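Shown next, in structure tokens, is the structure this report addresses.
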Number of protein chains: 2
Amino acid sequence: MAARAKRWRGVRRRKRLQRLMDRFLSNTVSRIDAKGRVSVPAHFRAVVQKRGYSELYALRCLDLPAMDVGGLDLLDRYEQRIALEDPFLQTADDMSFFCHGDGTFLKLDQDGRITMSDFIREHTGISAEVAFVGRGNFFQIWEPGRLAAYGAQARARLLQLRQGTKPGERPE
Amino acid sequence: MAARAKRWRGVRRRKRLQRLMDRFLSNTVSRIDAKGRVSVPAHFRAVVQKRGYSELYALRCLDLPAMDVGGLDLLDRYEQRIALEDPFLQTADDMSFFCHGDGTFLKLDQDGRITMSDFIREHTGISAEVAFVGRGNFFQIWEPGRLAAYGAQARARLLQLRQGTKPGERPE
DNA sequence: CCTATTCCCGTTGACGCCCATAGGGCCCCA
DNA sequence: TGGGGCCCTATGGGCGTCAACGGGAATAGG
């Protein structure tokens with residue numbers, strides 16, 4: 001039974017490792033070369049492979065100068081949102097338009113690079129460098145400067161949320 | 001016999017670990033070497049091992065120039081918290097942006113060292129030395145000077161609180 | 001025929017793996 | 001109780017591997 005317990009521990013550990021590795025985390029900045037190519041961070045590529053994404057789908061964020069990138073299950077999330085809307089209203093139609101029409105497929109070349117098309121550049125303002133931001137089940141592509149600005153705003157909002165807690169308290 | 005000696009050492013080490021606390025306590029300052037590596041204090045590594053953390057999750061603190069470092073459970077708690085929010089509202093997005101985009105994994109090398117990436121240096125101001133601060137279920141990474149300044153502020157706040165209490169009373 | 005993409009290769013720098021060494025704490029024994 | 005030896009931690013550095021990146025050549029497509 002010691003052996004059994006050991007094996008069970010092993011299985012549990014493997015599951016935890018899988019869970020650990022299969023989400024997009026952290027952020028990195030990469031340079032775009034003369035041909036418009038940019039390396040996707042190796043860690044992200046590993047996650048892509050682990051999740052079995054054969055193709056990457058990039059979607060223009062509705063209210064941000066960024067692209068959401070992930071597998072096709074990325075669409076599920078947006079379609080859920082559309083489903084919440086009244087199908088007779090304009091909103092649902094607009095959402096569908098953005099979701100299905102404002103996306104593109106990204107192809108990884110042999111060296112793990114993608115090409116920054118004008119479609120992406122126009123929406124994001126990306127020119128010389130690209131920031132990759134992990135978001136758990138997907139990741140985002142930003143122009144580094146805009147990312148910094150938005151990140152500061154997001155932090156400010158979260159800090160305001162915390163004002164509701166007792167002063168000096170640090171929720172873990 | 002070399003193997004036997006090694007195993008015996010291992011046994012003794014494990015016994016010592018049993019006596020050790022299960023929490024991250026006290027603080028230490030370590031130097032960063034030319035390659036950007038820094039040794040995690042041995043007693044912290046012991047806690048990491050005891051808790052079964054296979055990899056460390058590091059998060060940029062919301063309002064401090066420091067990193068919170070802990071196991072997967074740290075990230076789990078954030079994600080569970082996010083799950084309570086309406087996924088299509090700003091708050092959920094901000095939270096994910098924070099814990100996924102501003103978080104990363106740290107890998108201990110074989111000698112128990114981690115490398116200080118720019119990701120960490122930018123947020124903490126760390127350059128030549130690192131202060132490790134135990135916080136119970138996790139620990140923090142600071143630039144030593146900023147840690148001292150923050151400690152002084154915290155102490156001052158506590159003093160002010162105490163002056164608000166009745167004279168002669170000793171709040172504990 | 002020209003351009004945009006894809007394939008492939010070489011270079012460079014970063015990182016992980018390994019070993020060496022010094023310094024300090026602890027224990028044992030004289 | 002002081003000396004000596006052992007072990008462990010912190011730290012430095014060599015080296016091989018791999019990712020990031022730049023650029024030439026081949027290919028497809030208009």
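It should be emphasised that the depicted structure is a prediction, and the values quoted were computed from it without experimental measurement. Each chain gets a letter, A, B and so on, in the order its sequence line appears, and its residues count up from 1.
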Query raised in the report: Taking atom P of D/dC15 as reference, at what distance in whole Å does atom CD of B/Q110 sit?
Result: 18 Å
Requested in this report: Report yes if a donor N or O on one partner sits less than 3.5 Å from an acceptor N or O on the other, where the partners are the side chain of A/R113 and the base of D/dG22; otherwise report no.
Outcome: yes
Query raised in the report: Over how many whole Å does the gap from A/M116 atom CE to C/dT5 atom P extend?
Result: 13 Å
Report task. Cation-pi check, B/R23 to B/F138: give yes when NZ or CZ is under 6.0 Å from the six-membered ring centre and within 45° of the ring axis, no otherwise. Result -> no
Requested in this report: Find the distance A/I32:CD1 to D/dA20:P and express it as a whole number of Å.
Outcome: 15 Å
Query raised in the report: Base, sugar-phosphate, or nothing: which does B/S30 touch, judged by heavy atoms less than 4.0 Å apart?
Result: sugar-phosphate
Report task. Decide yes or no, distance alone: a donor-acceptor N/O pair under 3.5 angstrom between the base of C/dC8 and the side-chain of A/D111. Result -> yes
Query raised in the report: Side-chain N or O of B/R45 less than 4.0 angstrom from OP1 or OP2 on D/dA10?
Result: yes
Report task. Compute both the distance and the angle, then confirm whether A/R157 meets the cation-pi test with B/F97: under 6.0 Å from the six-membered ring centre, within 45 degrees of the axis. Result -> no
Requested in this report: Using atom CG of B/D118 as one end and atom P of C/dC15 as the other, report the distance to the nearest whole Å.
Outcome: 8 Å
Query - Lys/Arg-Asp/Glu bridge criterion (N-O < 4.0 Å) met for B/D22, B/R51 - result: yes
Report task. Using atom NZ of B/K107 as one end and atom C1' of C/dA14 as the other, report the distance to the nearest whole Å. Result -> 13 Å
**Report entry** Quiz item: A/R31 side-chain donor-acceptor pair to D/dG22 base, under 3.5 Å
**Finding:** no
Query raised in the report: Does B/D111 pair with B/R113 as a salt bridge, N-O distance under 4.0 Å?
Result: yes
Query - Nearest-Å distance for atom pair CG/P, residues A/L108 and D/dA19 - result: 14 Å
Query raised in the report: So what does B/V38 hit on the nucleic acid, given a heavy-atom distance under 4.0 Å: a base, only sugar-phosphate, or nothing?
Result: nothing
Query raised in the report: What about B/D109, does its side chain sit under 3.5 Å from the base of C/dC15 through a donor-acceptor pair?
Result: no
Query - Taking every non-hydrogen atom, the tightest pair across B/F24 and B/F44 - result: CE2-O, 3.6 Å
Report summary line: Of B/T28 and A/K35, the one whose nearest nucleotide on DNA chain D sits closer to the 5' end is B/T28
Report task. Just call it for A/D33: base, sugar-phosphate, or nothing, with non-hydrogen atoms closer than 4.0 Å on any strand. Result -> sugar-phosphate
Query raised in the report: Atom CZ of B/F119 and atom C1' of C/dC15: how far apart are they, to the nearest Å?
Result: 18 Å
Query - Separation of atom CZ in B/R37 from atom C1' in D/dC15, rounded to whole Å - result: 12 Å
Requested in this report: Please work out if B/S39 contacts a base, only the sugar-phosphate, or nothing of the nucleic acid, heavy-atom cut-off 4.0 Å.
Outcome: base
